[in-house]
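Below, read A as the first sequence line, B as the second, and so on, with proteins coming before strands; counting in each chain starts at 1. The structure presented is a predicted model; accordingly, all values stated were derived computationally and were not measured.
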2 protein chains.
Amino acid sequence: MTNPRQRTESEPLLTPSEVATLFRVDPKTVTRWAKAGKLTSIRTLGGHRRYRESEVRSLLEGNTNTPVEV
Amino acid sequence: MTNPRQRTESEPLLTPSEVATLFRVDPKTVTRWAKAGKLTSIRTLGGHRRYRESEVRSLLEGNTNTPVEV
DNA sequence: TTCGAGTAGGGTAATTGGGGGA
DNA sequence: TGTGTCCCAATTACCCTACTCG
């Protein structure tokens with residue numbers, strides 16, 4: 001699987017608990033942020049949420065706008 | 001768009017670990033999705049699974065329908 | 001053929017989603 | 001208004017051994 005070319009280029013994703021740890025909040029709170037549209041959420045086929053690491057980092061720096069441009 | 005009856009489908013396939021990386025889940029989870037029929041799985045002669053890149057990308061974008069047209 | 005890395009399988013523990021209330 | 005906590009059901013992660021891929 002060691003392909004020299006970069007196939008399947010994608011962006012790193014974070015789990016709810018990882019985001020919760022970064023913000024020092026409860027994972028439920030992160031879920032509410034996603035529900036409220038304050039955070040972009042990518043769902044797995046099982047219904048669980050994954051979050052964009054780039055967006056989370058921007059939010060951690062105090063950015064309240066939407067820096068989503070991938 | 002130049003899409004006749006494709007008999008010898010040469011669509012790019014992804015390994016379980018590649019799909020798992022895209023969704024930020026465990027390779028075993030991707031296997032469960034294939035078992036549950038949520039993901040189209042192509043088996044090798046040895047029993048290993050391969051997944052359609054186009055379907056995986058559609059699922060990542062939030063598409064829950066079935067873009068499989070073969 | 002040999003070999004390293006990945007995968008399938010089964011089982012069990014941990015995480016997550018959803019609703020509701022403090 | 002926003003967050004933490006309780007419940008239950010579902011999903012996911014990690015453990016192992018044996019087999020397959022390239």
Is there side-chain contact between [X] and [Y], with at least one heavy-atom pair below 4.5 Å?
{"X": "B:Arg24", "Y": "A:Glu18", "answer": "yes"}
{"X": "B:Asp26", "Y": "B:Thr31", "answer": "no"}
{"X": "B:Phe23", "Y": "B:Leu59", "answer": "yes"}
{"X": "B:Pro16", "Y": "B:Arg50", "answer": "yes"}

| field | B:Ser17 side chain near C:dG6 phosphate (N/O to OP1/OP2, under 4.0 Å) | value |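 B:Ser17 to C:dG6 OP1/OP2: no side-chain N or O under 4.0 Å.
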Between [N] ([atom2]) and [X] ([atom1]): distance, integer Å:
{"X": "B:Ile42", "N": "D:dC21", "atom1": "CD1", "atom2": "C1'", "answer": "16 Å"}
{"X": "B:Leu39", "N": "C:dT7", "atom1": "CG", "atom2": "P", "answer": "14 Å"}
{"X": "A:Leu14", "N": "C:dT16", "atom1": "CG", "atom2": "C1'", "answer": "16 Å"}
{"X": "B:Glu18", "N": "D:dG22", "atom1": "CD", "atom2": "C1'", "answer": "14 Å"}

Heteroatom pairs (N/O) under 3.5 angstrom, protein to nucleotides 6-13 of chain D:
| residue | atom | partner | partner atom | Å |
| --- | --- | --- | --- | --- |
| D:dT12 | OP1 | A:Thr44 | OG1 | 3.1 |
| D:dT12 | OP1 | A:Gly46 | N | 3.1 |
| D:dT12 | OP1 | B:Trp33 | NE1 | 3.2 |
| D:dT12 | OP2 | B:Trp33 | NE1 | 3.3 |
| D:dA13 | OP1 | B:Asp26 | N | 3.4 |
| D:dA13 | OP2 | B:Asp26 | N | 2.7 |
| D:dA13 | OP2 | B:Thr29 | OG1 | 2.4 |
| D:dA13 | N7 | B:Arg32 | NH2 | 3.2 |
| D:dA13 | N6 | B:Arg32 | NH2 | 2.9 |

| query | Which base sits across from D:dC8 as a Watson-Crick or G-U pair, both distances under 3.5 Å? | reply | C:dG17
| With both distances under 3.5 angstrom, what nucleotide forms a Watson-Crick or G-U wobble pair with D:dG2? |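 The base-pairing partner of D:dG2, which may sit in any strand shown, does not exist here.
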| query | So, do B:Trp33 and B:Tyr51 have ring centers that fall under 6.0 Å from each other? | reply |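 No, the ring of B:Trp33 stays outside the 6.0 Å limit from the ring of B:Tyr51, centre to centre.
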| message | Salt bridge or not between B:Arg57 and B:Glu53? Use side-chain N to carboxylate O under 4.0 Å. | response | yes
